[in-house]
Amino acid sequence: MRVTEFYIHTLREAPSDAQIPSDRLLRRAGFIRPVAAGVFNYLPLGYIVLRRIEQIVREEMNAAGAVELFMPVMQPRELWERSGRWDTFEPQPLRFKDRTGREFCMGPTHEEVITTLVADDITSYKQLPVTLYQIQTKFRDEIRPRGGLIRVKEFTMKDAYSFDLDRAGLDLSYDKMYEAYVRIFDRCGLQVEVVLAEAGSMGGFDTREFMLICENGEDTVFKCDACEYASNADCASSRPPQPLPAGDAAGPPELVDTPGAKTIEAVTRMLDTTADRLVKTLLCRAGDRFVAALVRGDRELNEGKLAAYLQTEDLRMANDEEVERLTRAQVGYAGPIGLPEAVTIVADHEIAAMQDCVVGANKTDAHIVGANVGVDFRPDDYADLRYVVAGDPCSECEDGRLQGYRAIELAHIFKLGTKYSEALGALVQDESGRQRAMVMGCYGVGVSRMMAAIVEQSHDDKGIIWPRAVAPFEVVILLLDPDDADLAIGAARLHDQLEARGCRVLLDDRQERAGVKFNDAELIGYPLRVVLGKRTKDSGQIELQRRRDGEQFNVPTDAAADDIMGILQEL
RNA sequence: CGGGGCGUGGCGCAGUUUGGCUAGCGCGUCGGCUUUGGGAGCCGAAGGUCGCCGGUUCAAGUCCGGCCGCCCCGACCA
């Protein structure tokens, strides 16, 4: 390929609204251009990279025994009614009606479609296991797109779905996908961390996320500094402290006036104490009952953990009116002492290690000091209810500490169980002739997000540094003097020889000054640069430079093609 | 949706405070000459409803109101 016959449009300066390196560089180098917030063009360079990533994914999926298919973007409402997700999926799918008034959504995911498909085709356990996948554009009406390709409304995703007769089969299918993912990221040069994760709106268990640690990521992961433990912040847990023995109370609790002190900060200031001596009482509504969640004053309640403990999906914070009814006080003074019997009290493990603490009095403008667990109030149960913070002790080893990192989520794998197969009637007969719901797994890779992640991980102040496997071209030949017939012929010959050897090579034959070509080559980030200029003629040597580290090589002109192929093999 | 910032040729910006005459600058683009191993020089040229609508005024890029778009921070996810 020649630059003059291709489509390369770099920008001298980065667009001013591009903030993070991947967005800045991908746009400046002419890989992507925004069309609307969270909606992008992939220009020819960007599209090559996207397809190369897709191809790696495809090869590894096939190698793992998955079979590719292609499903529609538009999905009828009825399908989503059957799974119960039409009104609950977040963010709400983009919806529209066709000319007859039939409602559809733009598929944000494909459990409904694939489960229905497989339900029709597969009726016997003998036809299992099956794993199907597609690489397709997904639509999510994100509340806020951001960070270039990191979070967008329209993106390329590989989604795979496994169907097994039982849990043991699912475990095998899941492990195969896990291994395939490890290979995918390895081939793309991405150093990912596999972390424990929550299932979110997909529903499921044993979920793992493949994360790239990166300051521009939107997720937070916690890793133990001593063992292998790594988890998304949403579900990270720390080792609970030793509970204090009961009966160590310093004295009886005392009601104190705290006029206007409705927040942890106000209470600590007014009582001249610290937040870790306060018990925060958060009233929640779970289904039709109320729960009081207790966490230390300086901690954040993790609603996901509480919902998991309560085994409900229907959990929310109580509203002001409910709080006032339960506490018979204004919002801001809830406490565990004297709540109605019907309110279940669940305390975070840390509460058991506190003594003489401050709690809300369930009375407007008042708190209770010197309150003690087991004496003045008794939680119905203890559980892990809080978000961990950096420095917390690891839950999995003796003396490790958790450290927090920002990360980009690149892939997510779940065990779904029978949630969708039951709802959508994906049943098979087992050996005994009984109907059983197929056991499903679901496995997603953010293909277009990977492109941004690679750039985030691999760039310098001059531009992108593509790993060879996904680079738009492996080699760029800079013909510095296109008007010199000898050089032009030599460059064309070298280009053709490399192409004949299967090399993805680009010849920069533009009428541009050397500096423009050098700078564009570094910005675009080809792994290997070949320069043909006056010096080539004088020395009989062709100059090569490796993008990653700037390492230079000189090879004799006549054997250049083979030498270049050799150097490429080592990249 | 809440909070903050920003909308002026393809890209980056000035001008808006204090309204005033043909709306400027750099890059890029087109033509010409020179130059030619790290984003060239000179000459000439094209390209803009100043985000949109309405209002104030003799006069609006500039003041007022409404709307739209984009970016960043918070609740979601590949």
Side-chain angles (χ1 to χ4, degrees), chain A residues 9-20 23-24 27-28 30 33-39 53 57 89-92 108-110 135-160 181 184 192 197-202 207 209-212 216-219 232 234 300 303-304 316-317 407-414 442-453 462-463 478-484 487 510-523 529 531-539 543 545:
Chain A
H9 296 277
T10 58
L11 299 173
R12 184 73 170 266
E13 291 171 275
S16 59
D17 59 358
Q19 306 283 324
I20 65 172
D23 193 26
R24 219 177 332 111
R27 282 165 66 183
R28 189 150 97 80
R33 290 286 154 71
V35 175
V39 181
I53 297 171
V57 171
F89 193 89
E90 290 291 333
Q92 190 181 83
T109 181
H110 281 72
I135 299 172
Q136 195 219 31
T137 303
K138 292 279 191 279
F139 295 84
R140 297 207 181 158
D141 194 4
E142 293 293 344
I143 303 159
R144 184 161 89 79
R146 74 186 106 181
L149 291 184
I150 301 282
R151 175 160 226 80
V152 291
K153 293 192 177 217
E154 181 180 324
F155 59 98
T156 305
M157 177 168 162
K158 187 285 299 179
D159 46 322
Y181 278 26
I184 287 166
V192 297
E198 279 195 317
S201 52
M202 298 300 165
T207 86
E209 288 169 335
F210 291 71
M211 295 283 206
L212 178 73
N216 292 313
E218 343 173 64
D219 286 87
N232 190 306
D234 292 336
E300 291 261 4
E303 287 185 54
R316 61 169 173 81
M317 297 295 287
I408 301 172
E409 180 189 347
L410 298 176
H412 200 159
I413 58 179
F414 315 70
C442 139
Y443 318 91
V445 174
V447 175
S448 45
R449 185 182 277 179
M450 278 176 71
M451 180 165 148
K462 293 174 179 165
L478 303 189
L479 173 57
L480 296 188
D481 194 349
D483 292 330
D484 182 314
L487 274 181
R510 291 176 297 176
Q511 292 285 349
E512 287 287 354
R513 313 197 91 217
V516 172
K517 296 186 180 187
F518 284 129
N519 283 309
D520 271 354
E522 278 150 0
L523 176 62
R529 185 186 81 186
V531 178
L532 271 76
K534 269 216 176 66
R535 288 187 206 162
T536 315
K537 279 180 102 168
D538 298 344
S539 66
E543 280 174 43
Q545 188 181 54

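Here is how names work: the chains are called A, B, and so on, in the same order as the sequence lines, proteins then strands, and each is numbered from 1.
Taking the nucleotide of RNA chain B with the nearest heavy atom to each of A/Asp483 and A/Leu11, the more 5' of the two is matched to A/Leu11.
A/Ala14 comes within 4.0 angstrom of sugar-phosphate atoms only, judged by non-hydrogen atoms across all strands, and of no base. Within 4.0 Å of A/Gly147, counting heavy atoms only, lie sugar-phosphate atoms of the nucleic acid but no base atom. No contact: A/Glu209 has no heavy atom under 4.0 Å from any strand. A/Leu410 comes within 4.0 angstrom of sugar-phosphate atoms only, judged by non-hydrogen atoms across all strands, and of no base. Using a 4.0 Å heavy-atom distance criterion, A/Asp219 is classed as a base contact. The residue A/Asn519 sits close to a base: some heavy atom pair falls under 4.0 Å. If you check every strand for non-hydrogen atoms under 4.0 Å, A/Val447 touches nothing. Contacts of A/Thr536 with the nucleic acid, taken as non-hydrogen atoms under 4.0 Å apart, include base atoms. Backbone-only engagement by A/Arg146 is indicated by non-hydrogen atom pairs under 4.0 Å involving sugar-phosphate atoms exclusively.
Remark: B/rA75 base-pairs with no nucleotide; criterion is Watson-Crick or G-U wobble with both hydrogen-bond distances under 3.5 Å. Under the Watson-Crick and G-U wobble criteria, each requiring two contacts below 3.5 Å, nucleotide B/rC70 is paired to B/rG5. Figure legend. B/rG37 is base-paired to no nucleotide; pairs are counted as Watson-Crick or G-U wobble with both atom distances under 3.5 Å. Applying the Watson-Crick and G-U wobble criteria (two distances, each under 3.5 Å), B/rC21 pairs with nothing in any strand. Here B/rC42 sits opposite B/rG32 as a Watson-Crick or G-U wobble pair (both hydrogen-bonding atom distances under 3.5 Å). For B/rA60, there is no paired nucleotide, since no Watson-Crick or G-U wobble pair has both relevant distances below 3.5 Å.
Ring stacking is absent between A/Phe518 and B/rG37, as the pair misses the limits of under 5.5 Å between centres and under 30 degrees between planes.
No hydrogens or angles were tested; on distance alone, a donor-acceptor pair under 3.5 Å links the side chain of A/Arg529 to the base of B/rG38. Residue-to-nucleotide contacts include a donor-acceptor pair under 3.5 Å from the side chain of A/Arg151 to the base of B/rC76.
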So which protein N/O to nucleotides 47-50 of chain B N/O distances come out below 3.5 Å?
none

Protein-nucleic acid N or O pairs under 3.5 Å, nucleotides 67-70 of chain B:
{"unit_1": "B/rC70", "atom_1": "OP1", "unit_2": "A/Ala37", "atom_2": "N", "d": "2.7"}
{"unit_1": "B/rC70", "atom_1": "O2'", "unit_2": "A/Asp17", "atom_2": "OD2", "d": "3.1"}

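Here A/Arg449 does not reach the OP1 or OP2 of B/rC77: none of its side-chain N or O atoms lies under 4.0 Å away. In this structure, A/Ser16 does not reach the B/rC11 phosphate: none of its side-chain N or O atoms is under 4.0 Å from OP1 or OP2.
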Does the pair A/Phe518 and A/Val531 meet the rule for a side chain to side chain contact (heavy atoms under 4.5 Å, CB included), with working shown? CA-CA 9 Å; A/Phe518 284 129; A/Val531 178; 3.7 Å; yes
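Checked against B/rC72, B/rA40, B/rA78, the side chain of A/Gln19 finds its nearest nucleotide in B/rC72. Set against B/rU36, B/rG74, B/rG39, the side chain of A/Asp520 has B/rG39 as its closest nucleotide. Checking B/rU35, B/rA78, B/rG37 against the side-chain heavy atoms of A/Val152 singles out B/rA78 as nearest.
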Let me have a per-nucleotide readout for nucleotides 23-33 of chain B, 5' to 3', with B, S or -, counting only protein heavy atoms under 4.0 Å. ---BS------
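At least one side-chain heavy atom of A/Arg529 sits under 4.5 Å from a side-chain heavy atom of A/Glu522.
Of the residues listed (A/Met157, A/Lys153, A/Arg151, A/Gln92), the one engaging A/Arg140 in a side chain to side chain contact (heavy atoms under 4.5 Å, CB included) is A/Met157, and it is the only one.
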